[in-house]
Amino acid sequence: MDILALIFKKIGAYDRIIIHRHVRPDLDAFGSQVGLAEWIRFKFPDKEVHCVGENSDSLSYLATMDVIEDQDYTDALVIICDTANSPRIDDQRYSLGKETIKIDHHPIVDQYGDINWVDTGASSTSEMIYRLIAHHTDSDSEMTTDVARLLYAGIVGDTGRFLYSSTTAQTFEIASKLVKYPFDRAAIHQNMYELTPSLAKLKGYLLNQFTVNDAGVCSIKLTREILNKYQVTVEQTNALVHVYADIKGVKCWAMFVEEDHQIRVRIRSKEVTINGVAAQFNGGGHPFASGATVSNWDEADQLVHALTEVCQQ
Ligand SMILES: [Mn+2]
């Protein structure tokens, strides 16, 4: 049996299904998790389906999470979307379920599922959820407008509006099917990319204060002092990580954001593989988009040095 048929069979076999995704959710995490949940609710109205994890202020326009008890996991199928390794699963109660399915497009770190469907060639987990749905339905109209809206948001989020190299012909094909549903596309784009006045001002700071070395590594350090000055949270800075993508000569970049006891690092790249460097610094992710954590500014400089070596190879 192929993997899609197997996953569909498992969904059919359980009365209660609980869906998780990674911590610090992004559009694809939310879109794939809730898109799958909404589709199962539509297709199997008698099943009990829950989405768990922290709510996210910046994604509340997409969906909100359910609150469930530990005993709800008894005899439940757990599906985890968009999460490469088990420590990153939001709500560690995922392990209380009877059976676990992992659906993800990140490079494999940890095959924590009883069933693992990983496609690193997929632009997004939302794209994979579409394929799962399409595999089991004959017509293009076998989903609801809300499912289409959620999956579309996930795909747009993970492809940077279809700009990143992860965008394939299949991504466009799927998007073309999703946009036939009458959800408000303009509203999604508006929600995704609008900035608060505080963030817009921080964007000005980011574009003024970055440095680029001879190897093409760009970096910026956002101290707590700067975050306080601009009245922006660590989480909110995520919306600005792409400001360096269009700068000539920049091959990759690291945005360091100081938290209470550590420094969070967001690493992005246009042409060199950087998830190896992320892995050296307590992180990981995609070849061109990763996250890491360092404990002080010296270590931050070491990370920039490691990126420089990658660029010079
Ligand atoms: Mn993703």
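Predicted model, so just to flag it, every value in this text is computed and none were measured.
Residues satisfying the side chain to side chain donor-acceptor pair (under 3.5 Å) criterion with Thr167, sequence neighbours excluded, are absent altogether. Considering only residues two or more places apart in sequence or on other chains, Glu99 meets the side chain to side chain donor-acceptor pair (under 3.5 Å) condition with Lys10, Tyr14. By the ring pair (Phe, Tyr, Trp, His ring centres under 6.0 Å) test, Tyr230 is found to be paired with Tyr205, residues two or more places apart in sequence or in another chain being considered. With sequence neighbours excluded, no residue forms a side-chain contact (heavy atoms from CB on, under 4.5 Å) with Asp46. By the side chain to side chain donor-acceptor pair (under 3.5 Å) test, Ser295 pairs with Glu299, sequence neighbours left out. Legend: residues meeting ring pair (Phe, Tyr, Trp, His ring centres under 6.0 Å) with Phe44, ordered by chain and number and at least two apart, are absent. With sequence neighbours excluded, no residue satisfies side chain to side chain donor-acceptor pair (under 3.5 Å) with Thr159. Contacts of His189 classified as ring pair (Phe, Tyr, Trp, His ring centres under 6.0 Å), with partners at least two apart in sequence or in another chain: Tyr152.
Pairs passing the ring pair (Phe, Tyr, Trp, His ring centres under 6.0 Å) check and including a residue from residues 55-102, sequence neighbours excluded, read His20-Tyr73.
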Report all side-chain donor-acceptor pairs from residues 75-85 shorter than 3.5 Å, counting only partners two or more places apart or in another chain.
| residue | atom | partner | partner atom | Å |
| --- | --- | --- | --- | --- |
| Asp82 | OD1 | His105 | NE2 | 3.1 |
| Asp82 | OD1 | Thr125 | OG1 | 2.9 |
| Asp82 | OD2 | His22 | NE2 | 3.1 |
| Asp82 | OD2 | Ala29 | N | 3.4 |
| Thr83 | OG1 | His22 | N | 3.0 |
| Thr83 | OG1 | Cys81 | O | 2.9 |

With a 3.5 Å cut-off and sequence neighbours excluded, list the donor-acceptor pairs that the side chains of residues 242-251 form with protein atoms.
| residue | atom | partner | partner atom | Å |
| --- | --- | --- | --- | --- |
| His242 | ND1 | Tyr164 | OH | 3.2 |
| His242 | NE2 | Tyr164 | OH | 2.8 |
| Tyr244 | OH | Leu206 | O | 2.9 |

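Between Phe42 and Glu142 the shortest side-chain heavy-atom distance falls below 4.5 Å. Here the side chains of Arg266 and Arg268 are in contact, with some heavy-atom distance below 4.5 Å.
Comment: Asp66 engages Arg41 in a salt bridge, judged by a side-chain N to carboxylate O separation of less than 4.0 angstrom. Ionic pairing of Asp114 and Lys102 is not present here: no N-O contact between side-chain nitrogen and carboxylate oxygen is shorter than 4.0 angstrom. Taking the charged nitrogens against the carboxylate oxygens, Arg131 and Asp119 do have a contact shorter than 4.0 Å, which makes a salt bridge. Of the charged side-chain nitrogens involved, at least one lies within less than 4.0 Å of a carboxylate oxygen, so that Arg264 and Glu235 count as a salt-bridged pair.
Applying the under-4.5 Å side-chain rule to Ile, Leu, Val, Met, Phe, Trp and Tyr, the cluster around Val118 extends to Ile108.
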